[in-house]
Amino acid sequence: MKYPAIRNYVAGQSVESASTPTMDVFSPLSGQLISTLPLSNAAALDAAVQAAKAAFPSWSATPIKERVQIFYRYKTLLERDMKALADLVREENGKTYDEARAEVEKAIELTEFACSMPQLIQGEFLEVSKGVEARAERKPLGVVASIAPFNFPNMVPHWTIPNAIVLGNTMILKPSEQVPLSAVKIAELLKEAGLPDGVLNIVNGDKEIVEAICDHPEIQAVSFVGSTKIAKVVYIRATSNLKRCVALGGAKNHLMVLPDAHPEMTASNVAASMSGCAGQRCMAGSTMVGVGAVDGIVAKIVEEAKKIVAGQNLGSVISKEAKERIEKHISEAEAAGAKVLLDGRNAVVPGHEDGYYVGATVIDHVTPDMRIAQEEVFGPVLAIMRTNTLDEALAIENANPYGNAAAVFTSSGSSARYVMDHANAGMIGVNIGVPVPREPFSFGGWNESKFGACDITGKSSIEFWTQLKKTTTKWNPESRVNWMS
């Protein structure tokens, strides 16, 4: 194996569980075995929870101005080890190096935001009556958990780790069993930055450990990122055990293209949106709705998509099963009457013949009843539907059960405003194919793309990771002016 066997990380140490089954980890770039990881059980989780519980009193009592100093140092370590971190993402996920580096750069931005927390949670104070003072302060919850997906092995853990820990919580991270390498490096760098042992713990595994996290009585809150099907299960199971939970699911993002859209800008944005990270992101523009006469723009999109070459500027998908599923979507759409303008099936990269690659694919004349128009493909595939009016396009967008993102490409301010007001999604783009908010604005969709209150990043995450303590004080017994005193 290229990398050592993965172990759990508990109380600042790599630990090996006796008699624990293991799972092989393969690189999607080559299909080669690169490591193994333990399929941990509830007992292994409990050991991590007890370590986090033991670390909580001291960590939560540390002033937040001191807690953030660790993350200032951590940020410089992320910058120092940028290439090594990006190489790990590329190895275990299959991204291009530029995409992997961009993911680490986003992790740095998320860490920077966490360092601003002292300015964001100062609390409130008011003399509410003569001699009576009230204050509200945000306090950490305790032991919390973050369940991360395969598609962003470095960035998504940083959606939760910096904010939750800076706010005084201690954490259990459960990385995707398909991409466990980045989590190890994150833990090593945080320890080097000075994070006390037990504040961050990592438990590897599959479905069993996710269920154990949802059930553990001493975990106060759970965040999840993954498919809608599993997000629902996690949300229901965690909340039924009286935990806070925010669970982000899948998406079917619609890019509405109007005839007055700038052709070159639209083509490059749409092609990049559908193919970036091999289409394996919940913000991918997997569906385009052409409104009226947009044949010229569609032709330019195909030209741009032809420049996206597997193994060069297009990474692999995560597994052989994913490749087969994506190609089945394409074949089914073609059989149902859609026209494949650019076919990425059976892509082969010289020297990586056993890698899991799907080439950029553009399919025109898709109809709303086709499976490819309804389900998340999670691959570098663009399905194009056609309408005569913007209202018809919005009706298609509104009818889909998800609500992560939607975008419109137009030169008309009024058309853009109309989509902003009527699209049924939590994140909207105008002439932007991937409308991901930057910090301090938070990330989160609507409908079946998100379950639970608050968003997972930005200012909204503060409410999720903390609870309010309200204190009323009076020191002057002589002040008995009215009922409020």
Side-chain angles (χ1 to χ4, degrees), residues 6-21 37-62 67 70 139-149 156-177 180 183-184 186-188 190-191 195-226 230 233-247 452 456 461 464-467:
I6 301 295
R7 295 181 177 183
N8 291 341
Y9 181 79
V10 178
Q13 302 294 325
S14 293
V15 297
E16 188 169 8
S17 302
S19 304
T20 300
L37 61 79
L39 296 177
S40 305
N41 55 24
L45 172 67
D46 187 62
V49 171
Q50 297 313 313
K53 183 180 177 183
F56 176 72
S58 174
W59 180 247
S60 60
T62 302
R67 294 197 295 257
I70 292 169
K139 299 294 184 180
L141 302 176
V143 180
V144 300
S146 176
I147 304 169
V156 170
H158 285 88
W159 279 359
T160 57
I161 291 172
N163 289 0
I165 291 179
V166 161
L167 289 167
N169 300 286
T170 55
M171 175 170 276
I172 310 297
L173 172 65
K174 190 275 176 192
S176 166
E177 59 271 28
V184 174
I186 290 168
E188 290 173 352
L190 280 167
K191 187 177 179 73
L195 189 70
D197 293 345
V199 175
L200 175 67
N201 305 273
I202 301 172
V203 181
N204 293 280
D206 55 9
K207 176 183 177 182
E208 180 179 353
I209 207 69
V210 172
E211 292 173 343
I213 287 171
C214 293
D215 295 344
H216 199 290
E218 293 180 287
I219 293 176
Q220 304 302 314
V222 177
S223 71
F224 173 87
V225 181
I230 307 303
V233 172
V234 168
Y235 182 76
I236 292 169
R237 188 155 183 161
T239 55
S240 71
N241 284 303
L242 307 180
K243 303 181 192 304
R244 292 188 182 187
C245 183
V246 59
I456 201 167
S461 70
F464 182 77
W465 296 119
T466 61
Q467 54 194 340

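Note that the structure is predicted; figures quoted are calculated from it, not measured.
Side-chain contact between Asn204 and Ile209 is absent, with no heavy-atom pair separated by less than 4.5 Å. Side-chain contact check for Ser223 versus Val246: some heavy-atom pair is nearer than 4.5 Å. The shortest distance between side-chain heavy atoms of Met171 and Ile161 falls below 4.5 Å. Side-chain contact check for Ser146 versus Trp159: every heavy-atom pair is 4.5 Å or farther apart.
Listed by chain and number, the residues in a salt bridge (Lys or Arg N to Asp or Glu O under 4.0 Å) with Lys139 amount to none (sequence neighbours excluded).
Looking at Asn169, its side chain never comes within 3.5 Å of a backbone N or O of Val143 through a donor-acceptor pair. Side chain of Asn241 to main chain of Cys214: a donor-acceptor pair is present (N/O by atom type, distance under 3.5 Å, no hydrogens or angles). Ser58 places no side-chain N or O within donor-acceptor distance of the main-chain N or O of Ala55, the cut-off being under 3.5 Å. No donor-acceptor distance shorter than 3.5 angstrom exists from the side chain of Asn8 to the backbone of Val15, with no hydrogens or angles considered. The main-chain N or O of Val166 is found under 3.5 Å from a side-chain atom of Arg67 such that the two form a donor-acceptor pair. Between the Trp59 side chain and the Gly198 main chain, no donor and acceptor come within less than 3.5 Å of each other.
The distance from the CD1 atom of Ile213 to the CG atom of Leu173 is 8.5 Å, given to the nearest 0.5 Å. In this structure, the separation between CD1 on Ile219 and CG on Leu141 is 12.5 Å, given to the nearest 0.5 Å.
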Requested in this report: Mind running side-chain contact (heavy atoms from CB on, under 4.5 Å) on Gln467 and Arg244 for me, showing each step along the way?
Outcome: CA-CA 11 Å; Gln467 54 194 340; Arg244 292 188 182 187; 3.8 Å; yes

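Considering every non-hydrogen atom in both Asn163 and Trp465, the closest pair reads CB-CD1, 4.3 Å. Taking every heavy atom of both residues into account, Val49 and Glu218 meet most closely at CG1-CB, 3.9 Å.
The residue from Val210, Asp206, Val203 that alone fulfils the side chain to side chain contact (heavy atoms under 4.5 Å, CB included) condition with Lys174 is Val210.
More than 12 heavy atoms of other residues, nucleotides or ligands lie within 6.0 Å of NZ in Lys191, so this atom counts as buried by the packing criterion.
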